[in-house]
Amino acid sequence: MPDVTIIGAGPAGATAACALATRGWDVTLIEQSRFPRDKVCGESLSALGLEVLTHLGLIDRLRPLQPTLLNATILHATDGRHLTCPLPRPMWGLSRRAMDAALLDAARDAGVRILQPARCESLQDVLTVRHLEGNRVETLRPTWIILADGKGALLPHRPTPTSDFGIKAHFESVVGPRDAVELFGVQGHYVGLAPIQRGLSNIAFSVPAKKLERFRRDLDALWSQLLTENATLAQRFTHARRAGDWLASLLPRFPVSRRWPPRVIPLGNSAAALEPIGGEGMGLAMRSAELAAAALDQSERTNTPLPVRQLQTEFARLWRTRRLACRALARLLSTPRIAGDLLDWARGNESLSRAAMAMIGKT
Ligand SMILES: Cc1cc2nc3c(=O)[nH]c(=O)nc-3n(C[C@H](O)[C@H](O)[C@H](O)COP(=O)(O)OP(=O)(O)OC[C@H]3O[C@@H](n4cnc5c(N)ncnc54)[C@H](O)[C@@H]3O)c2cc1C
């Protein structure tokens with residue numbers, strides 16, 4: 001059987017593992033964290049992601065987790081003006097804690113060998129893996145390596161991180177629609193609110209490092225400030241209580257690179273990363289995994305070289321327009337001076353706002 005080692009069991013790595021294992025590949029999946037674990041994310045899974053999970057027969061593994069069905073996105077300017085954009089196809093609100101653990105279970109059931117908690121420390125020549133229980137170091141020589149570590153940290157040309165942070169926490173007793181993702185403009189950035197399973201809500205936002213420093217990294221203090229910057233956001237949280245720890249991580253943002261080392265395929269946020277405002281990151285991670293698995297399997301079966309350039313072009317096509325559109329939307333919503341007028345204008349131009357949604361990936 002052809003063999004592959006996958007680094008990282010997020011949406012990209014776990015999906016790739018399932019897709020290859022069910023095609024008969026010998027798959028090893030390395031994950032540094034113990035599961036279940038929380039993860040900085042808006043926890044809204046796009047229609048693209050749901051489509052991939054359906055193709056791979058994984059959707060029924062997630063349904064019992066009771067995700068919320070999200071039918072619209074509501075954009076709120078700081079001055080109370082807002083715009084409701086129906087989603088052409090629903091998204092799911094589902095915690096990463098639950099989803100990632102279920103996908104890893106699916107990979108295990110499909111016959112994937114899982115090394116966890118274990119960290120891949122190098123890809124050069126051989127793959128070096130440190131088992132985090134006992135500190136034993138193992139070296140692997142797989143035929144193929146899939147890098148799905150969420151940041152491309154092991155690539156020779158690792159992407160430069162931004163100076164923004166992604167922050168998230170779960171809350172209970174949030175007042176507001178349970179069937180919509182809401183995005184709230186604040187001063188210089190924006191906040192995303194998604195209802196997830198079991199009556200919880202997930203807050204996720206990106207924040208410039210400078211603003212975070214002003215609050216000496218006290219995330220409760222920063223959050224209290226954000227509630228003063230958007231009245232509708234404050235109203236949603238009148239009776240809310242935080243139901244978990246704040247998590248923070250550096251926010252990646254970079255286009256698809258064509259400098260992949262030989263026999264290494266980066267997927268998901270190791271391949272490219274966009275502004276998270278559109279809730280497309282996980283869907284793209286899953287689609288890139290599906291495309292790579294199909295291409296690898298095809299090349300193995302036909303005994304032909306993997307068409308790396310073609311795969312890179314397909315990835316570029318997936319990310320390019322969404323990256324630009326998400327960046328533009330984030331900028332506009334983060335600029336209180338223009339956000340309200342923009343939302344008013346979009347309300348009167350339905351076909352244009354539908355086109356903008358399509359550029360973000362909402363088709
Ligand atoms: C604030 C914010 C909000 C977001 N909101 C949304 C949203 O609503 N919807 C959406 O679709 N996307 C959203 N995203 C983007 C989404 O989280 C990412 O696109 C997605 O997680 C990428 O999946 P991945 O599998 O590539 O990487 P990840 O999910 O980052 O998974 C990588 C995995 O690799 C493991 N790992 C890392 N290094 C190593 C190593 N050396 N060895 C072993 N294991 C390793 C990690 O522990 C992790 O489990 C958001 C992101 C941020 C920051």
Side-chain angles (χ1 to χ4, degrees), residues 5-17 28-50 52 70 73 91-97 99-101 103-104 114-123 127-132 145-155 158 161-162 164-169 181-183 189-194 196 202-207 247-253 266-289 319 322 326 330 360-361:
T5 293
I6 302 174
I7 302 157
T15 306
T28 300
L29 179 57
I30 304 170
E31 170 56 52
Q32 63 184 6
S33 305
R34 290 181 179 83
F35 278 18
R37 56 98 176 87
D38 287 304
K39 187 101 183 53
V40 176
C41 185
E43 304 193 331
S44 311
L45 180 59
S46 67
L48 177 65
L50 296 174
V52 175
L70 306 170
T73 300
M91 296 173 80
W92 276 9
L94 182 59
S95 73
R96 289 293 299 270
R97 188 178 180 80
M99 186 186 86
D100 290 10
L103 290 177
L104 188 65
I114 295 167
L115 308 184
Q116 184 186 32
R119 181 179 303 127
C120 179
E121 295 187 334
S122 165
L123 298 179
L127 206 144
T128 312
V129 182
R130 183 176 299 278
H131 292 265
L132 300 178
I145 297 172
I146 287 184
L147 182 62
D149 67 343
K151 47 191 181 298
L154 297 169
L155 292 172
R158 72 168 291 185
T162 65
D164 294 344
F165 279 83
I167 313 267
K168 88 88 154 272
V181 187
E182 295 189 275
L183 295 165
H189 58 115
Y190 61 92
V191 173
L193 169 62
I196 57 168
N202 183 61
I203 269 292
F205 54 94
S206 58
V207 58
L247 295 184
S249 64
L250 272 174
L251 192 78
R253 219 187 278 120
L267 297 183
N269 271 19
S270 303
L274 41 58
E275 180 68 44
I277 195 162
E280 287 289 320
M282 290 187 282
L284 290 167
M286 291 170 176
R287 174 69 95 207
S288 61
W319 263 280
R322 287 179 172 92
C326 288
I360 285 164

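FYI, the numbering just counts along the sequence from 1. For ligands, and for the atoms within them, numbers begin at 1 and follow the listed sequence. These numbers come from a predicted model, not from an experiment.
Residue S44 approaches ligand 1 through these ligand atoms, each under 4.0 Å from one of its heavy atoms: 7 (C), 8 (O), 9 (N), 10 (C), 11 (O). Applying the 4.0 Å criterion to heavy atoms of L251 picks out, from ligand 1, the atoms 53 (C). Contact atoms of ligand 1 toward G268: 26 (O) (distance under 4.0 Å to a heavy atom of the residue). Distances below 4.0 Å separate heavy atoms of G279 from the following atoms of ligand 1: 7 (C), 8 (O), 9 (N), 10 (C), 11 (O). Annotation for ligand 1: atoms under 4.0 Å from non-hydrogen atoms of R37 are 48 (C), 49 (O). Within ligand 1, the atoms closer than 4.0 Å to a non-hydrogen atom of K151 are 37 (C), 38 (N), numbered from 1 in the order shown. The ligand atoms of ligand 1 that sit less than 4.0 angstrom from a heavy atom of I30 are 43 (C), 44 (N). In summary, the atoms of ligand 1 found under 4.0 Å from a heavy atom of E43, numbered by their order in the structure, are 7 (C), 8 (O).
Between R97 and P36 the shortest side-chain heavy-atom distance falls below 4.5 Å. Counting heavy atoms from C-beta on, the side chains of W92 and L70 never come closer than 4.5 Å. Contact annotation: the side chain of M99 approaches that of P11 to within less than 4.5 Å [non-hydrogen atoms, C-beta and beyond]. Here the side chains of I167 and L247 are not in contact, with every heavy-atom distance at 4.5 Å or above.
Proximity annotation for atom 31 (O) of ligand 1: of G10, C120, G42, G10 comes nearest, heavy atoms only. Proximity annotation for atom 23 (O) of ligand 1: of P11, G166, A9, P11 comes nearest, heavy atoms only. Nearest to atom 29 (O) of ligand 1 by heavy atom, out of Q32, R96, M282, is R96. In the candidate list G150, G281, A118, G278, G281 is nearest to atom 15 (C) of ligand 1, counting heavy atoms.
By the 4.0 Å heavy-atom criterion, S206 is excluded from the residues contacting ligand 1. Within the structure, ligand 1 lacks A153 among the residues with a heavy atom less than 4.0 angstrom away. For the ligand labelled ligand 1, residue M91 lies outside the 4.0 Å heavy-atom shell. Using a 4.0 Å heavy-atom cutoff, S33 is listed among the residues neighbouring ligand 1.
In A14, neither the side chain nor the backbone holds a heavy atom less than 4.0 Å from any atom of ligand 1. Looking at I7 against ligand 1, only its side chain comes within 4.0 Å, counting heavy atoms. Of the heavy atoms in K39, only side-chain atoms (C-beta onward) come closer than 4.0 Å to ligand 1. By the criterion of a heavy-atom distance under 4.0 Å, the side chain of A285, and not its backbone, is placed next to ligand 1. For E280, every heavy-atom contact with ligand 1 shorter than 4.0 Å involves the backbone, none the side chain. The residue S249 has no part lying near ligand 1, judged by heavy-atom distances below 4.0 Å. Within the 4.0 Å heavy-atom criterion, neither part of V181 lies near ligand 1.
Without hydrogens or angle criteria, E31 side chain to A9 main chain gives a donor-acceptor distance under 3.5 Å. Side-chain atoms of K168 come within 3.5 Å of backbone N or O of K39 as a donor-acceptor pair. Looking at H131, its side chain never comes within 3.5 Å of a backbone N or O of A118 through a donor-acceptor pair. Between the Y190 side chain and the I277 main chain, a donor and an acceptor come within less than 3.5 Å of each other. Side chain of Q116 to main chain of S33: a donor-acceptor pair is present (N/O by atom type, distance under 3.5 Å, no hydrogens or angles). Under a 3.5 Å cut-off, the side chain of T162 and the backbone N or O of L251 do form a donor-acceptor pair. At least one donor-acceptor pair under 3.5 Å links the side chain of E43 to the backbone N or O of R96. Of the possible donor and acceptor atoms, one in the side chain of N202 sits under 3.5 Å from a partner among the backbone N and O of G42.
Under 4.0 Å is where a charged nitrogen must lie from a carboxylate oxygen, and between E121 and R130 at least one such pair does.
The side chain to side chain contact (heavy atoms under 4.5 Å, CB included) test with I30 singles out one residue from D149, T5, I6, I114, and that residue is T5.
Looking only at heavy atoms of the protein, atom 50 (C) of ligand 1 is closest to P276 CB, 3.4 Å. Nearest protein heavy-atom contact of atom 26 (O) of ligand 1 is N269 N, 2.8 Å. The protein non-hydrogen atom at the shortest distance from atom 17 (O) of ligand 1 is C41 SG, 3.3 Å. Protein heavy atom at the shortest distance from atom 34 (O) of ligand 1 is G8 CA, 3.1 Å.
Any N or O atom pair closer than 3.5 Å counts here, and E31 shares at least one such pair with ligand 1. Note: an N/O pair closer than 3.5 Å links A12 and ligand 1 by distance alone. By the 3.5 Å distance cut-off applied to N or O atoms, F205 is not counted among the residues near ligand 1.
Between atom OG of residue S46 and atom CE of residue M282 there is a gap of 7.5 Å, rounded to the nearest 0.5 Å. Taking CZ of R119 as the reference point, atom CG of L154 lies at 10.5 Å (rounded to 0.5 Å). Put simply, OG on S44 and CG on L183 are 8.5 Å apart, with the number rounded to the nearest 0.5 Å.
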